[in-house]
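Encoded as structure tokens, the structure appears first; notes follow it.
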Amino acid sequence: MSVLTQTEIDRLATLPVPPGRLLIDGAWIEGSAAPMPVITPITGQQMTTIAAATEAEVAQAVAAARRAFDDGRWRKQPPAQRKAVLLRLADLIEHHANELAVLGVRDNGTEIGMALKAEPLSAAQTFRWYAEALDKLYGEIAPTADTVLALVHREPVGVVAAIVPWNFPLMIGAWKLAPALATGNSVVLKPAETASLTLLRLGELALEAGLPPGVLNIVTGTGATTGAALALSMDVDVLVFTGSGATGRRLMEYSARSNLKRVFLELGGKSPNIIFADAPDLAAAARAAAGGIFRNSGQVCVAGSRLLVEASVHDEVLHHLATVTRAMKQGNPLDLTTQIGAVHSEAQLARDLGFLSDATAQGGSLVLGGKRTLLETGGYYLEPTIITGVAPGHRLFQEEVFGPVLAVTPFSTEAEALHLANATDFGLASGLWTSNLSRAHRMIRGIRAGVVHVNTYGGTDITVPMGGVRQSGNGHDKSLHAFDKYTDLKTAWIQL
Ligand code: NAD
């Protein structure tokens, strides 16, 4: 991978994008239904099309995955061989990182600086990490009576369906694919209909790396048809999903209506970022708070979308926050200097604006932003927006916007801060800023969330689990814990 310069971005951004096809049983096929247009949020123009897989095509993909699993063409390969294939895939992703980053930005509007690291480079790292881990997984011998030998085998689950969203398709796709493939499963992947292109390219690279046909199948199309057909399949063993709570609920219903497949959900959040007056550096806290909600136009599941500020420093923090936000550069996400890119789609933009009118109607005060901007581009951009005086009864306090909108709520005591932090149905991420070690630990214990950041916001790594509690979902991506979703335990009880 060469250094990504603006000249190289501009060159890659003019390359035509061929129509997307379906990957079934190692072959790329045209879908039988009318293709779907792919609109770039940068200009609102169509850039290509993708196939819309029908129920029959989804069934073909699942059948191909089942055949590949049953005949053992992947799962029975020696671990060292599977590892070599996944390491080659990691190398190929890295080699094509610039191309993948630009393609992804054209598709979903994330600013290129962030996309390069968060998408191809993070995906390559994820494949490499699980490739390295796969031959370090052991079974167990249970401590039974002397007359018995009990072996606990860890086996792949079979056919995994992975349904992923549009905000970081490669990163989140890799979080599912890498541990699923590492443990010998076959996969049918369903990308979001508005961000499929990089995952289709990943499919090409996986074949080039030597993944046998049928082990990874990719079906693009709408959630209502393609996604539902996959989730209702009688032959999918495990369904892993990242996306909205509304879809997550449907997937559990589909499981109940079909074969009771196991469903793991990574859903949304309304994550509190809490600034106490004794924070080590209020200006630094405000800078991190702005980055934590405005990067990728707030379309980050762990975005710190609720800022809880101790009343005595509320105005000072707001001043820092407004200053740093005004200085953030919003614009074409393919410009290397852009810090806030596009909102993903026209529908998402309309949804974001709906939240803003509700927020002010319910008593919130607009401090900054609030309007659609860069209209001359034809694309979808929303000014970074800060609203103060947001109370627990307000829609903006309770519901995920998934846009560049920060809700600010003051508090007076630590107990009130904790109460407000937990006063939504979600439990994905959180942050707190304090110099008081005991307070930090009390808050870590009290906050109901999958992660608590202390004196920072948003740091992470492949070595730590990622997932939520309450209505933010179940199960974990990343870390060795992810293997639990893709493996079953089997006991062999042997009388000696
Ligand atoms: P979404 O639920 O609309 O779509 C996600 C995926 O589900 C897409 O592939 C879509 O086609 C598919 N889908 C939609 N309806 C379906 C149905 N009836 N049956 C089967 N599949 C269906 O979510 P989105 O708008 O793409 O993503 C944004 C959401 O994802 C936000 O709520 C965000 O917080 C969440 N998210 C969570 C995490 C996390 O790790 N917790 C990470 C990123 C995004």
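What you are looking at is a predicted structure, and each value in this text was computed from that prediction instead of being measured. Start at 1 and go down the list; that is how both ligands and their atoms are numbered.
Under a 4.0 Å heavy-atom criterion, Gly468 is not in contact with ligand 1. Heavy atoms of Gln299 come nearer than 4.0 angstrom to ligand 1 in no pair at all. At a 4.0 Å cut-off, at least one heavy atom of Tyr254 sits close enough to ligand 1 to count as contact. Between Ser472 and ligand 1 there is no heavy-atom distance shorter than 4.0 Å. Ligand 1 does not have Val302 within reach: every non-hydrogen atom of the residue lies 4.0 Å or more from it.
With respect to atom 10 (C) of ligand 1, the closest heavy atom belonging to the protein is Glu193 OE1, 3.5 Å. Atom 40 (O) of ligand 1 has Met466 CE, 3.2 Å as its closest protein atom, hydrogens excluded (heavy atom only). Regarding atom 39 (C) of ligand 1, its nearest protein heavy-atom neighbour is Cys301 SG, 3.3 Å.
Salt bridge status for Arg250 with Glu253: absent, with no side-chain N to carboxylate O gap under 4.0 Å.
For a threshold of 3.5 Å applied to N or O pairs, the pair formed by Glu400 and ligand 1 contains at least one separation below that value. Where the criterion is an N or O separation shorter than 3.5 Å, residue side chain and backbone included, Trp166 meets it with respect to ligand 1.
Of the options Phe402, Trp175, Phe426, the smallest heavy-atom separation from atom 33 (C) of ligand 1 is shown by Phe402. Distances from atom 2 (O) of ligand 1 to the heavy atoms of Ala224, Ser244, Gly243 put Ser244 nearest.
Counted within 6.0 Å of CZ on Arg351, heavy atoms from surrounding residues, nucleotides or ligands total more than 12; the atom is thus considered enclosed. Residue Arg448 places its CZ atom among 12 or fewer non-hydrogen atoms of other residues, nucleotides or ligands, all under 6.0 Å distant.
For the pair Pro404/Tyr381, no side-chain contact is recorded, criterion being any heavy-atom separation below 4.5 Å from C-beta on.
Each of the following atoms of ligand 1 lies closer than 4.0 Å to a heavy atom of Gly227: 19 (N), 20 (C), 21 (N). Near Val164, meaning under 4.0 Å from one of its heavy atoms, ligand 1 places the atoms 6 (C), 8 (C), 9 (O).
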